[in-house]
Every structure is written in C-alpha cells, then in structure tokens.
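For reference, the structure is listed below as structure tokens.
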2 protein chains.
Amino acid sequence: MKKMSIKEVASALQISTATVSYILNGKAKEKRISPELTKKVTAFIEENNFRPNHLAKSLRTGKTNVIGLIVEDIADPFFASVAGHIENVAYENGYKIIYSSTKNDPKKAKELIDTFRDRNVDGYIITPTEGIDSEIKYLIDSKLPVVLFDRNCNDLDVSYVGMNNFESSYQAAKYLISQDYKNIAFVTLDSVQPQMIDRLLGYERAIYENRLVSYVKKVEYRAAKEHLIMAEIEHMLNTEPHIDAIFFATNYLAITGIELLNRLGVKIGEELGMMVFDDNDLFRIHQPSISAIAQPIQEMSQQLINDLLEHMQDTNEYTNRTTVLPAHLIIRDSSSKTRKNA
Amino acid sequence: MKKMSIKEVASALQISTATVSYILNGKAKEKRISPELTKKVTAFIEENNFRPNHLAKSLRTGKTNVIGLIVEDIADPFFASVAGHIENVAYENGYKIIYSSTKNDPKKAKELIDTFRDRNVDGYIITPTEGIDSEIKYLIDSKLPVVLFDRNCNDLDVSYVGMNNFESSYQAAKYLISQDYKNIAFVTLDSVQPQMIDRLLGYERAIYENRLVSYVKKVEYRAAKEHLIMAEIEHMLNTEPHIDAIFFATNYLAITGIELLNRLGVKIGEELGMMVFDDNDLFRIHQPSISAIAQPIQEMSQQLINDLLEHMQDTNEYTNRTTVLPAHLIIRDSSSKTRKNA
DNA sequence: CTGTTAGCGCGTTCAC
DNA sequence: GTGAACGCGCTAACAG
C-alpha cells in the first residue's frame, strides 16, 4: 500500500512519465495527447488513487503552495482570528499556512523569516517586530511576496494592511470629551511600536484640540504582571484624583484595569468613563458595558490574503499597496456619565 | 544573490558534494574527514551563508520536519491557545506547524488529512470530527505518528490527550448540589461528540445520585445564532420556573446565556446558580464572577506535543498512550446562593 | 584512514 | 507523444 509514483503509473500504462505529467497538469490538449489516452490515464489514476509527490513537484517548480504567517502570538485571540480568516481563503486557493509566533522578539522574528525562507514558502504575512526591516527588505529584494500587517515598517516599500490607529483613537477620545469627561487618562504600554504610538497621538490630539490636560500612563511592556499593572493604575488614580475617564490602549490592560476598578468599587461610566482598544465579549457583556474600538478583523484579513495571493500570482506586475482600514467605534455604556441602564 | 547549492560549495572548494554533506550533517568524524577540511568547509558555508535546500533534503529523506495540526477552528481561543503552546515546543525541536480548521465538517477533515499526507507532514495532531475514523486508521496503518485530542475515537488504537469531561462535569454538578441548588438545568449542544456526551452524563450522574430531576436543554448545533440560543433558554426558564441553577456545557452557550440573564435582570448566584465549561476572562471579571471548569490547556498541550515528538522519534517502539487530565474546577461567586461580594 | 562516485527520491519540461 | 536532463541533497559502496 506504499505510495505510487508517476513512473509506476507510466510503466503500468506503457507510456512515458512525461505524458502522465502533462495529463495531470491539464496540459493534455496543449501537448496534443489523444482524448482516449487522457481518459485512460485519468481513470487509472483515479482507480489507484495516485497522488503526485508534492515535495518532488515543489523541488522542481520552486513552488510549495505554502504561506508563512508570522504573528506576534498565535494564542492571542486577535491574531488567531486573523489566522482563521486567512486560512479560509488560502485553503480555497490551494494554499496551506505555516505559522510561527515572534513573541515580539526580534531575534526570533529573524530566525523565523530565515526558516520560512529555507522552506521555500511562496509568500509571507508578517507582523513585524522592531529591527527586522533589513530581513524584510531582503525578502522584497529577492522578489518574494510579502504583506505586512498590524504594524508597518515606514521605510520599506512593501504592502501593508492595518487599521487607522491614529484616527480611531482620536475619534474615541473626542467622543469621551463630547460626553463631558474633562480629565481623561490614557493607559498604554511603554512601546515604540508604531500602532501604539499612533494610538497615543490620536488621544493627545483630541486632548490638545480641546485644551485639556493629558495624563499618560505607560506600563512597562515586558512580562507586565497583572498586579503590577493594577498597582500602577491605582497609583495613578490616587495621585491624580480628578481623572474622570480612562482610555486603555489595549485589551489586556483594560481587562486588568476593569478587574481593579471593580475591586475598588468604582462605578464605571458614572464615576469613571472608559474606552478600550480591541473589542471583546467581555466588554459587551460587562455591566455596565464597555465602549470599545473594534479592529476590522474580517476586512483586514480579507485584504491581507487578497493582496498576497495577487502578489504571488504575478510577481512582476504587482505593485505594493498600503491599506489602512477604519476601525469600528462601538459606543456602549461606559463612555457616558448617564448610563442607559443605570 | 541566488541560492547556492551544495554542488557549488563542493566545486568551489574542489571537493565532492558527499564530503560537504557529511560535514553538514555532523558526520565528519564518523566519516573520518580531517578536522582541517571540516573547518574549512564550515567556514566557507558560514561565509557564503549556504543553506541546504530543505525540499531536496525532504525529498531524499522523507522527513519534512512539519507537524500537521487539524483543529475544529484555529480562531477559537481554546484551540489557538493549544496551537501556541504546541508551537513553542515544536519550534525548539526544529519542527514547524501547518494548521487547518475542520469547522467540524467531516468532509473537510478528510480532505485535510489527505492534503497533509500529500505534503508528507511528519506527524499529526488531530481534533477528530465524526466519521473520520477510517481516515485516521489509515494514517495509523501507514505507521504515521498521530495524536488525537479534545475528542477521542473510541474504536481506534491511537494516542489521545484530553481532559476528564465526565468526572469534572460530575464534580461541578455535585458542587452545585452541595450549595443547595435543587433544580439544575444543563444547557448543551445537540451534538454526539464524545466530550459533549461525557459532560452531559457527568451532570446526570450527579443529579440521579441525589434523586434530583434533570433538565436538559439541547441547543441546535449548526450555526446556532445568538438570538436563537437566547430564545431557547428563555423558553426553558419560563416553562420550568423552578429551575434554580444552570450548568452550561460550553463557553459560547454560557456567554450568550449571561447576556440574556443580564437583560432579564436575573441575579446570577442568588436567584440562579451558574457553572460553565471552559474558563474565560469574562467569567473571572463578571460581577458576580462565574464558576467554571477550566481545561488544563497547558498540560494537555505539553502532553500532546511530547507524545507526538516521541512517536516521531521512534516510530516502531512507540506504544500509544491515552492521557486524560483532570480539569480545574474554579469556584467563584455564581455557584453559591450567598454571594461573597453581595 | 580520507574522500569520491554514482544512484536515488520523483515530478517537470525542453527538444525531438 | 517520448527520452532524458534537471531541481538538490543523501548515502551506500568503493578507490586510493
């Protein structure tokens, strides 16, 4: 029951492997192979369940039909969701996906790019870490299809898909201001990632435009433990008691923050407004519900995989495309002093 | 800057490709290649950044160093988390992971197994759907390393890793009973998956042992829309008003249920006890917090990948192993009538 | 002892 | 419609 080779098919049918190969690849007509023979071969292949060896094919053609997906962490629901959407489309187009998580470690990111390169993946979807511009540039220079997402590398001519962090942050902050919050704090990570910086700047723009004061709390990035985050937020609330709203730059920070506030008995919405980046079941169901900026995951994924497929189709004519999608601002109860269900 | 081949290395150094290959694969000593030559070759390879073609190597050796991961849905946080853990260990051992989601469709599951087989993955981690026993059996008969998880295929001699659904469900139900709930409903999916059946049976055992009455609500499985689930639960609560606790068999059902109950203004815990399968941030932070049965994700993943690696190492001596890990019963406020924080 | 030759794995594709 | 080279690395058998 071992695997059959094209040679065996050929010899069983007393024809050459070339003929079988042409038929397999739909070039029967082009190569003027008689319909009868074509039918005979097709039938034989079907009957004996012959499957060409993918490795041999890849070795010869240089195509693996594999897409390399490099994300910060596949276990993160955001990236997992993107992985799911991408897979659907990739699957329909005959591609499989091989993934790896950088854990935001540039060294690992570089290794991953190398490994994927060694394995001849046909295209790359990458969430870049800091300091891997040169590796990405190398891929591009080698004419390999690459699409970045979530974070861009500004200095590179490469396709990118992301969301409008600056604009959505600005709009969200403006909304809080419109709801009469006067001292809005922004809790973020101490990170230089462009998307994080944009979120901060969007907030600050809204603050400055309205002649308000900005309160920015940067939580240390690496292995930020929950209780440390809580301690920092608590400290901030104690030293700046006039703060009347918090805008969290990430999901995780917000969840930790909510836990703290619940424990402190602070009434979210009434006493303290809240806005969060990245939506989540929790924010919808929490009482009061929490307003959030939802990333357009579906749209981003679609764009990502479309761009990549297109790029893989015609490597030469393809021109890079930067897509910045609008986020969805979801207004719930936490961003108004008068709660609907209060 | 195209890729260099072993042949080029050999000719540049005026030696044979065999020599280079032996050195590359650490067989220099075994093959009595002089240390000087070894050093020279190593240096040359380093300098010119030569990387052997993985495809050629795989074609020759039959090993791809790729693990095929077939889950129900990679976008589901549970599977994504498993994927993350597995990746860590796989990576350290030189394996990459190629994934695909079955969406619980047997047809797709079969296709995926075929595809992965075509692509010569070295090992399989599979969340089986119904009706793919024969495909899995085929893999096993072909001596391919397979580990199942989440759901077992009872009739197959194959390694399996999962958690003790029956026991943990039984314990959780018993706990509710011990907290003086008398009419406990069990809300589950209308599914014949073994793990779902075990959860139901565990609940029923606790009910019967205590001479209570079981209320089982099976929600239709396919594409269960939120509002339909809500309608079903609401109907149940109306027709069986004496129900004083709900035990949800899945995370998703519970989230939907909580949303409904909050809307109805039912006081979870006091008026209606609650227990849920699969933990989640939401359950921890919800007020009142929701008791849950947490899957031992870390432990399961570790066991999964260990078993598979072992199996891939010595295909012959390996004997199948069934691992059923205990779940973590996390008692919070929703499972007592007297809430701690009430 | 050191290192080489040559065939293999298997599908693709050019030249006839 | 075919023969044979080719993509590239591995390794048993062999020569010096």
Side-chain angles (χ1 to χ4, degrees), chain A residues 2-42 44-45 48-66 94 117-122, chain B residues 2-42 44-45 48-66 94 115 117-122 142:
Chain A
K2 69 176 72 110
K3 265 200 224 158
M4 181 174 259
S5 77
I6 198 171
K7 203 184 255 171
E8 291 174 273
V9 174
S11 76
L13 260 44
Q14 308 268 44
I15 54 178
S16 82
T17 61
T19 309
V20 180
S21 176
Y22 288 133
I23 293 172
L24 274 172
N25 294 300
K27 295 186 183 163
K29 282 214 178 95
E30 188 186 323
K31 293 293 171 182
R32 296 148 203 260
I33 293 165
S34 71
E36 302 84 53
L37 183 54
T38 303
K39 203 163 293 175
K40 196 163 91 182
V41 173
T42 315
F44 183 89
I45 285 171
N48 298 64
N49 196 30
F50 162 70
R51 306 306 224 65
N53 182 317
H54 217 278
L55 290 170
K57 184 169 185 166
S58 294
L59 175 59
R60 183 68 238 216
T61 62
K63 293 275 154 224
T64 51
N65 277 276
V66 170
R117 196 165 215 282
D118 276 357
R119 287 170 180 266
N120 286 72
V121 306
D122 291 344
Chain B
K2 69 176 71 110
K3 267 200 222 158
M4 180 175 261
S5 76
I6 197 170
K7 204 184 256 172
E8 290 174 274
V9 174
S11 76
L13 260 43
Q14 309 267 42
I15 54 176
S16 80
T17 61
T19 309
V20 180
S21 176
Y22 288 134
I23 293 172
L24 274 171
N25 295 299
K27 296 188 182 162
K29 284 219 178 88
E30 188 186 322
K31 293 293 171 182
R32 299 149 207 255
I33 293 165
S34 68
E36 302 83 56
L37 183 54
T38 303
K39 204 163 291 173
K40 195 163 92 183
V41 173
T42 315
F44 183 89
I45 286 172
N48 297 64
N49 197 27
F50 162 69
R51 307 306 224 63
N53 182 316
H54 217 280
L55 290 170
K57 186 170 183 168
S58 293
L59 176 59
R60 184 66 240 223
T61 62
K63 293 275 153 223
T64 51
N65 277 277
V66 170
T115 314
R117 194 165 218 282
D118 277 355
R119 287 169 180 266
N120 287 70
V121 306
D122 291 344
S142 312

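- Where B:Ile6 and A:Ala28 meet DNA chain D, the nucleotide closest to each residue was compared, and A:Ala28 sits on the side nearer the 5' end.
- Between the C1' atom of C:dT12 and the CD1 atom of A:Ile23 lies a distance of 14 Å, rounded to the nearest Å.
- Spacing between atom CD of A:Glu30 and atom P of C:dT13 amounts to 10 Å, rounded to whole angstrom units.
- Straight-line distance from the CG atom of A:Leu13 to the P atom of D:dT2: 10 Å, rounded to whole Å.
- The nearest heavy atom of DNA chain C to B:Lys57 and to B:Gln14 marks one nucleotide each, and the one closer to the 5' end goes with B:Gln14.
- Within the 4.0 angstrom heavy-atom criterion, only backbone atoms of the sugar-phosphate kind lie near A:Ile15; the bases stay farther away.
- Tested against A:Val9 for a side chain to side chain contact (heavy atoms under 4.5 Å, CB included), the candidates A:Thr19, A:Leu24, A:Val20 yield a single pass: A:Val20.
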Strictly under 3.5 Å: I want the nitrogen or oxygen pairs between protein and nucleotides 6-8 of chain C, one per line.
residue : atom : partner : partner atom : Å
C:dG7   : N2   : B:Arg60 : NH1          : 2.8
C:dC8   : O2   : B:Arg60 : NH1          : 2.2

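- Judged purely by atom type and a 3.5 angstrom limit, B:Thr42 uses its side chain to pair as donor or acceptor with the backbone of B:Thr38.
- Here the nucleotide nearest the side chain of B:Leu37, chosen from C:dT12, C:dC1, C:dG3, is C:dG3.
- In this structure, B:Ser21 reaches the D:dC10 phosphate: one of its side-chain N or O atoms is under 4.0 Å from OP1 or OP2.
- When all heavy atoms are compared, the tightest approach of B:Leu55 to B:Asn53 is N-OD1, 2.7 Å.
- Applying the 4.0 Å criterion to OP1 and OP2 of D:dC8, one finds that B:Lys7 has every side-chain N and O outside that range.
- The minimum heavy-atom distance between B:Ala10 and B:Ser16, with the atom names listed, is CB-C, 3.6 Å.
- Comparing the axis of the opening five pairs of the helix from C:dC1-D:dG16 to C:dC16-D:dG1 with that of the closing five pairs yields an angle of 60°, rounded to 10°.
- Using modelled atom types, one side-chain atom of A:Thr64 and one backbone atom of A:Asn120 make a donor-acceptor pair closer than 3.5 Å.
- Distances shown here put a side-chain N or O of A:Lys27 below 4.0 Å from the OP1 or OP2 atom of C:dT13.
- Distance from the side chain of A:Tyr22 is smallest to C:dC14 among C:dC14, D:dG9, C:dG11.
- Nearest heavy-atom pair, A:Ile6 versus A:Phe50, reported as atom, atom and distance to 0.1 Å: N-CE1, 3.6 Å.
- Nearest approach of B:Met4 to B:Glu8, heavy atoms of both residues: CA-OE1, 3.4 Å.
- Between the CE atom of A:Met4 and the C1' atom of C:dG11 there is a distance of 15 Å, rounded to whole Å.
- Distance, B:His54 NE2 to C:dG9 C1': 16 Å, rounded to whole Å.
- Contact annotation: A:Asn25 reaches the phosphate of C:dT12 (side-chain N/O to OP1 or OP2, under 4.0 Å).
- Remark: the backbone N or O of A:His54 is paired with a side-chain donor or acceptor of A:Ser58 at under 3.5 angstrom.
- Rounded to whole Å, atom C1' of C:dT12 lies 10 Å from atom NZ of A:Lys31.
- Residue B:Thr19 has a polar side-chain atom (N or O) positioned under 4.0 Å from OP1 or OP2 of C:dT4.
- Using a 4.0 Å heavy-atom criterion, one finds that B:Leu55 contacts no nucleic acid atom at all.
- Checked by atom type and distance alone, the side chain of A:Asn25 never pairs as donor or acceptor with a backbone atom of A:Lys27 at under 3.5 Å.
- Heavy-atom minimum distance, B:Leu37 versus B:Ile23: O-CD1, 4.3 Å.
- One can place CD1 of B:Ile33 at 12 Å from C1' of C:dC1, the figure rounded to the nearest angstrom.
- Of the candidate nucleotides C:dC10, C:dT13, D:dC10, D:dC10 has the atom nearest to the side chain of B:Leu24.
- One interatomic measurement links the two molecules: NZ of B:Lys63 to P of D:dT11, which rounds to 13 Å at whole-angstrom precision.
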